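Please read all numbers here as calculations on a predicted model, not as lab measurements. What you see below is based on every heavy atom in this structure, not just the backbone, and it leaves out hydrogens, waters and symmetry mates. One-based numbering along the sequence shown.
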Amino acid sequence: MRIRPVATALAGALMGLSALVLSGAPAQAAANGHKTVVVGHRGAPTHAPENTLASIDAAGRLGVLWVENDVQRTKDGELVVLHDNSLARTTDVEQVFPDRKPWNVKDFTLNEIEKLDAGSWFSPDFEGERVPTLGDYMDEVEDNGQRLLLELKSPELYPGIERQTLRELRDAGWLDRSHVRRRLVIQSFNADAVKKVHSLRPDIKTGFLGTPPVAGLPKYAAFCDQINPNYTTVTPGYVDAVHRLTGPHSRRMQVNAWTVDDDSKAIALDRMGVDGIISNKADEIRDALETGED
């Protein structure tokens, strides 16, 4: 069973009040004026099964307006939202299709994936939750008044997924001026995929997942607005090196660190000047940054 999302009007009001955008709007304001966005990693995965509609609904109820997801492609060419290349960890695929090991997304049709339970592993309360299609996911994000950090997951497995994802975003109404400027960032660990997105739609903000050496950062500035590293690799010097560069939209490049679930680590990163923190506990991290207490 899935709890319905917050009402669109309420979400819109929250969005207007918060103005949380990865292009530099606040999750909290420090004394020096620095402001850090907090992003719900796979939604609100401590409250609901990750990367499901229930998870982004939970994030919405908690006032987390930026959510992150992972996009992959089925055997018959449909885009779905799931983190792992395999369906095994977050669905009952081993029981439903016991002879299909290693149960990779790319080896199953959408019809087969829609038969799977993606909620019971988390809690009996979410029995029957499904792996969402990207289209359904985008409709829910829109209904909730949320903003999206979309990851192209393992794009090397899915030739052409960059163009296909953009097409689905367009069909969902997410490539108009308002969404592109304020509500969407596309990222990947695969630099070629990020370059491809930038070449196809240079107006869209993009991010590279990883920690390129400082000497190599200028080449990323040609096609990336953000460098989004694992938080353990972030130093004040690295943040400064990224911030000294101007990205493809003539703005200072940004740093969004992942995946940070500890209050003290989040506060330390905030003091280093990171622009965003991606967390499984986004509501808790946001509150810690607002109070400055761990």
Side-chain angles (χ1 to χ4, degrees), residues 11 14-47 56 59-60 62-69 141 145-151 181-187 205-211 217 220-221 224-247 249 251-294:
L14 286 171
M15 185 171 65
L17 289 170
S18 302
L20 288 173
V21 293
L22 279 177
S23 56
Q28 64 91 39
N32 63 2
H34 171 69
K35 298 170 182 179
T36 302
V37 173
V38 181
V39 180
H41 186 234
R42 309 178 201 171
T46 62
H47 296 269
I56 55 173
L62 293 164
V64 177
L65 296 184
W66 272 100
V67 292
E68 181 266 358
N69 74 351
V141 174
Q146 291 166 308
R147 306 175 184 198
L148 180 63
L149 177 59
L150 183 155
E151 179 181 344
R181 290 186 65 185
R182 301 172 58 246
R183 297 179 63 182
L184 178 67
V185 178
I186 297 178
Q187 64 174 357
K205 297 182 184 73
T206 55
F208 175 72
L209 282 159
T211 314
L217 287 173
Y220 287 87
C224 289
D225 299 273
Q226 302 172 358
I227 299 295
N228 298 340
N230 184 297
Y231 80 91
T232 61
T233 67
V234 178
T235 65
Y238 194 81
V239 174
D240 289 343
V242 175
H243 282 171
R244 284 196 296 269
L245 295 170
T246 299
H249 294 101
R251 294 183 179 181
R252 186 186 75 171
M253 289 186 73
Q254 298 179 322
V255 179
N256 298 291
W258 51 271
T259 304
V260 186
D261 296 336
D262 178 86
D263 292 358
S264 61
K265 291 182 175 65
I267 290 170
L269 288 160
D270 178 59
R271 290 171 180 165
M272 291 182 201
V274 300
D275 302 280
I277 291 175
I278 302 167
S279 176
N280 293 313
K281 301 178 179 180
D283 55 318
E284 297 179 23
I285 295 300
R286 175 200 61 209
D287 294 346
L289 295 183
E290 287 174 351
T291 62
E293 299 175 357
D294 54 15

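- Closest approach of Thr206 to Cys224, counting heavy atoms only: OG1-CA, 3.4 Å.
- Going from atom CG of Asp261 over to atom OH of Tyr231 covers 8.5 Å, rounded to the nearest 0.5 Å.
- For the residue pair Asn228 and Gln187, the shortest heavy atom distance occurs at ND2-OE1, 3.0 Å.
- Put simply, CG on Leu209 and CD on Glu151 are 5.0 Å apart, with the number rounded to the nearest 0.5 Å.
- Trp66 places no side-chain N or O within donor-acceptor distance of the main-chain N or O of Leu149, the cut-off being under 3.5 Å.
- One finds the CG atom of Asp263 at 7.5 Å from the OG1 atom of Thr291 (value rounded to the nearest 0.5 Å).
- Side-chain atoms of His243 and Asp275 include a donor-acceptor pair closer than 3.5 Å.
- Applying the ring-ring contact (aromatic ring centres under 6.0 Å, His included) test to Tyr220 and every residue at least two apart in sequence or in another chain returns Phe208, Phe223.
- Side chain of Arg183 to main chain of Leu148: no donor-acceptor pair is present (N/O by atom type, distance under 3.5 Å, no hydrogens or angles).
- Using a distance-only test at 3.5 Å, with no hydrogens or angles considered, no donor-acceptor pair links the side chain of Lys281 to the main chain of Asp262.
- When all heavy atoms are compared, the tightest approach of His41 to Asn280 is ND1-OD1, 2.8 Å.
- Not a single donor-acceptor pair under 3.5 Å links the side chain of Gln226 to the backbone N or O of Asn256.
- Note that CD1 of Ile267 is 8.0 Å distant from CD1 of Ile285, once rounded to the nearest 0.5 Å.
- The structure places CG of Asp225 at 7.5 Å from CE of Met253, a figure rounded to the nearest 0.5 Å.
- Val239 has its side chain within reach of Val234: a pair of non-hydrogen atoms, C-beta onward, lies under 4.5 Å apart.
- Within the 4.5 Å cutoff, the side chain of Ile227 has heavy atoms near those of the Tyr238 side chain.
- The side-chain heavy atoms of Met272 and Val255, taken from C-beta on, include no pair separated by under 4.5 Å.
- When all heavy atoms of Val67 and Gln146 are compared, the pair lying nearest together is CG1-NE2, 3.8 Å.
- When side chains are defined from C-beta on, Ile277 counts as touching Leu289, because their heavy atoms get closer than 4.5 Å.
- In this structure, Ser279 contributes its side chain and Val260 its backbone to a donor-acceptor pair below 3.5 Å.
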TODO: Go through the steps to decide whether Val242 and Leu217 satisfy the test side chain to side chain contact (heavy atoms under 4.5 Å, CB included), and finish with yes or no.
DONE: CA-CA 7 Å; Val242 175; Leu217 287 173; 3.9 Å; yes

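- Thr246 and Ala221 make their closest contact through O-CB, 3.6 Å (heavy atoms, listed as atom of the first residue, atom of the second, distance).
- Between the CZ atom of Arg251 and the NZ atom of Lys205 there is a distance of 6.0 Å, given to the nearest 0.5 Å.
- Closest of all the heavy-atom pairs between Ala282 and Gly40 is CB-CA, 3.8 Å.
- For the pair Glu68 (side chain) and Arg42 (backbone), a donor-acceptor distance under 3.5 Å is present.
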